[in-house]
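To start, the structure under review is shown below, and the notes come after it.
Please read all numbers here as calculations on a predicted model, not as lab measurements. Letters A, B, ... mirror the listed sequences (proteins, then strands); counts begin at 1.
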2 protein chains.
Amino acid sequence: MNLPAKHPSPRPGQKERRLAREKRILEAAEKVFAEAGFGGATMQLIADMAGLPKANLHYYFPTKEALYRQVVENIFQIWLRAADVFDSADGPAEAIAAYIDAKMEISRRHPAGSKVWASEVMHGAPVIQDYLEHTLTEWTEGRARVIERWIAEGRMNRVNPHHLLYMLWATTQHYADFNHQIETLNGGKPLSDEQWEEAKASVKQIILAGIGIDASDL
Amino acid sequence: MNLPAKHPSPRPGQKERRLAREKRILEAAEKVFAEAGFGGATMQLIADMAGLPKANLHYYFPTKEALYRQVVENIFQIWLRAADVFDSADGPAEAIAAYIDAKMEISRRHPAGSKVWASEVMHGAPVIQDYLEHTLTEWTEGRARVIERWIAEGRMNRVNPHHLLYMLWATTQHYADFNHQIETLNGGKPLSDEQWEEAKASVKQIILAGIGIDASDL
DNA sequence: ACACCAGTTGACCAATTGGTCAAGAATTTT
DNA sequence: AAAATTCTTGACCAATTGGTCAACTGGTGT
């Protein structure tokens, strides 16, 4: 990070290589943790999937817990970043629609990460309890106040902001966590591009109508 | 069940004892599987929680898989039974409201079971793929047709029935699977009776309005 | 009293697991 | 080119795991 930088210019060298290796490991780990859960995942499996010997994996991540923690924290960052679109719009219709789109896109592009997150929370959040208590709590309370303001301004129906947020989280996350069930009910095939669009549209339609917003605004 | 019944009268004896033991084991197993996942659960832990030696546990359930399978199948039965309330009502308002109530009650009363189910599906449904492909598929298609009929009759908005069902599942299940997160956001306390009522009411309010049903019907 | 059988259990086992380590290969720095 | 640092890896280890087994217990029917 801050070692003597003899050469002020580029150098594709060591640092990038290390980051690339770590990224490859983290991607393998995410998949394995998602498929097998923390308890069912083995370092050997992760090493195999990343294409390197187990001992080497332990060089980059000293323990299984450390590796897992990193995976979970990465997901949480993605999750939080998506949450930002909530603020970049100025009304409930745009904000909630954009938030649904963003979260549905995460479910589509990062199903493994979503599952790891769900699994972590389901098991009592042993490693990210801090995040839940601070970052997530603050974000949630902030957004709840925004929603209450919209309600006070008559821009949407009076609903309990927390339960609305839970519904948004639950519904969008469902498409990742339960994608296997959805696939099975879809004749064994993954949702096509059009079906994903329909899913997004359906979720937006029902929720926006559910809080008294005319979706033709969008 | 149908062994020679020497005594035609009662007899609290052996069969009941066996069932009681199995029930106790299954309850312990459900908790442990929910808390640790299949991979993280150990027969020793389940035995401890059930209050009997591990070897005895293996007398009732020969393998970890067999025990797990039984737990999952039990949950699925509860799930399906709740689904029946969907049919006992004659209109979309009553049916969906009753279904939400029933599923919310399951989330409240059987959070461990719900988590085991979620975990099973999330990991690709290794042991209940049959159920997904047959029983669940048939139930879902049947209900989707009912919803389509309601739409055709003008009794609710035109929405994609599958995505409506997914939203119902996702939202109600969320209160079980993510109860830890909800508790954390609730100041570390479980939802009170009143809060559960508000949760149910909020879910019903948003979804019913979302499909164009005036909830004051109920 | 006896045999019979479901249930109980501590001791044990082979396999797997997360993690270590020392020796070597690469790469960078001097 | 040599020294120093970073990476790589096969072999290994202690602990844990699911599962077995033979001996034991206790109730039931005869």
Side-chain angles (χ1 to χ4, degrees), chain A residues 1-26 28-29 32-33 35-72 126-127, chain B residues 1-26 28-29 32-33 35-72 126-127:
Chain A
M1 284 294 193
N2 39 20
L3 292 185
K6 299 282 164 86
H7 301 271
S9 70
R11 258 312 184 89
Q14 64 267 50
K15 210 107 230 174
E16 286 83 354
R17 280 234 311 271
R18 172 158 202 141
L19 288 180
R21 287 278 207 294
E22 283 178 358
K23 193 180 159 198
R24 183 134 132 263
I25 292 171
L26 285 167
V32 174
F33 282 132
E35 282 169 14
F38 178 81
T42 71
M43 294 300 268
Q44 187 62 65
L45 241 154
I46 295 171
D48 290 350
M49 184 153 298
L52 37 75
K54 190 182 62 153
N56 200 5
L57 203 166
H58 273 99
Y59 174 76
Y60 288 98
F61 298 91
T63 67
K64 189 183 178 185
E65 269 89 1
L67 176 53
Y68 175 74
R69 178 182 293 270
Q70 190 71 109
V71 169
V72 172
V127 326
Chain B
M1 286 293 192
N2 39 21
L3 292 185
K6 299 283 167 82
H7 301 270
S9 70
R11 253 325 176 81
Q14 63 266 53
K15 211 106 228 174
E16 285 84 353
R17 282 233 309 272
R18 172 160 204 140
L19 288 180
R21 287 281 205 294
E22 283 179 357
K23 193 180 160 198
R24 183 134 133 264
I25 292 172
L26 286 167
V32 173
F33 282 133
E35 283 169 14
F38 178 81
T42 70
M43 294 300 268
Q44 187 62 64
L45 243 154
I46 295 171
D48 290 350
M49 183 153 299
L52 38 75
K54 189 181 65 151
N56 198 6
L57 204 167
H58 273 98
Y59 174 77
Y60 288 97
F61 297 91
T63 67
K64 190 183 177 186
E65 268 89 2
L67 176 53
Y68 176 74
R69 177 182 293 269
Q70 189 72 98
V71 169
V72 172
V127 327

Taking [atom1] from [X] and [atom2] from [N], how many angstroms apart are they, rounded to a whole number?
{"X": "A:Met43", "N": "D:dG10", "atom1": "CE", "atom2": "P", "value": "16 Å"}
{"X": "A:Gln44", "N": "D:dC13", "atom1": "CD", "atom2": "P", "value": "18 Å"}
{"X": "A:Tyr68", "N": "C:dG19", "atom1": "OH", "atom2": "C1'", "value": "20 Å"}
{"X": "A:Leu57", "N": "D:dT8", "atom1": "CG", "atom2": "P", "value": "11 Å"}
{"X": "B:Leu19", "N": "C:dG7", "atom1": "CG", "atom2": "C1'", "value": "15 Å"}
{"X": "B:Lys54", "N": "D:dT20", "atom1": "NZ", "atom2": "C1'", "value": "9 Å"}
{"X": "A:Arg21", "N": "D:dT8", "atom1": "CZ", "atom2": "C1'", "value": "9 Å"}
{"X": "A:Phe61", "N": "C:dT20", "atom1": "CZ", "atom2": "P", "value": "16 Å"}

Given [options], the nucleotide with the shortest approach to the side chain of [X]:
{"X": "B:His58", "options": "D:dT20, D:dT6, C:dT17", "value": "D:dT20"}
{"X": "B:Thr63", "options": "D:dG19, D:dG10, C:dG19", "value": "D:dG19"}
{"X": "B:Glu65", "options": "D:dT8, D:dG19, D:dT20", "value": "D:dG19"}
{"X": "B:Pro53", "options": "C:dT27, C:dG10, D:dG19", "value": "C:dG10"}
{"X": "A:Tyr60", "options": "C:dG19, D:dT20, D:dC7", "value": "D:dC7"}

For a quick test of reading the model: is some side-chain N or O of [X] closer than 4.0 Å to OP1 or OP2 of [N]?
{"X": "B:Tyr59", "N": "C:dT8", "result": "no"}
{"X": "A:Asn56", "N": "D:dC7", "result": "no"}
{"X": "A:Arg18", "N": "D:dC7", "result": "yes"}
{"X": "A:Arg17", "N": "C:dA26", "result": "no"}

Query - Aromatic plane relationship, B:Tyr68 with B:Phe33 - under 30° parallel, 30 to 60° tilted, over 60° perpendicular - result: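 Ring orientation of B:Phe33 relative to B:Tyr68: perpendicular.
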
Query raised in the report: Base, sugar-phosphate, or nothing for A:Ala41, non-hydrogen atoms under 4.0 angstrom?
Result: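 It contacts sugar-phosphate atoms only.
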
**Report entry** Option from B:Gln70, B:Arg24, B:Glu22 for which side-chain contact (heavy atoms from CB on, under 4.5 Å) with B:Tyr60 holds
**Finding:** B:Glu22

Query raised in the report: What residue among B:Leu45, B:Asp48, B:Val71 forms side-chain contact (heavy atoms from CB on, under 4.5 Å) with B:Val32?
Result: B:Leu45

Query raised in the report: When rounded to the nearest 0.5 angstrom, what distance separates CD1 in B:Ile25 from CE in B:Met43?
Result: 8.5 Å

**Report entry** Salt bridge flag under 4.0 Å for residues B:Arg69 and B:Glu65
**Finding:**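 B:Glu65 and B:Arg69: not salt-bridged.
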
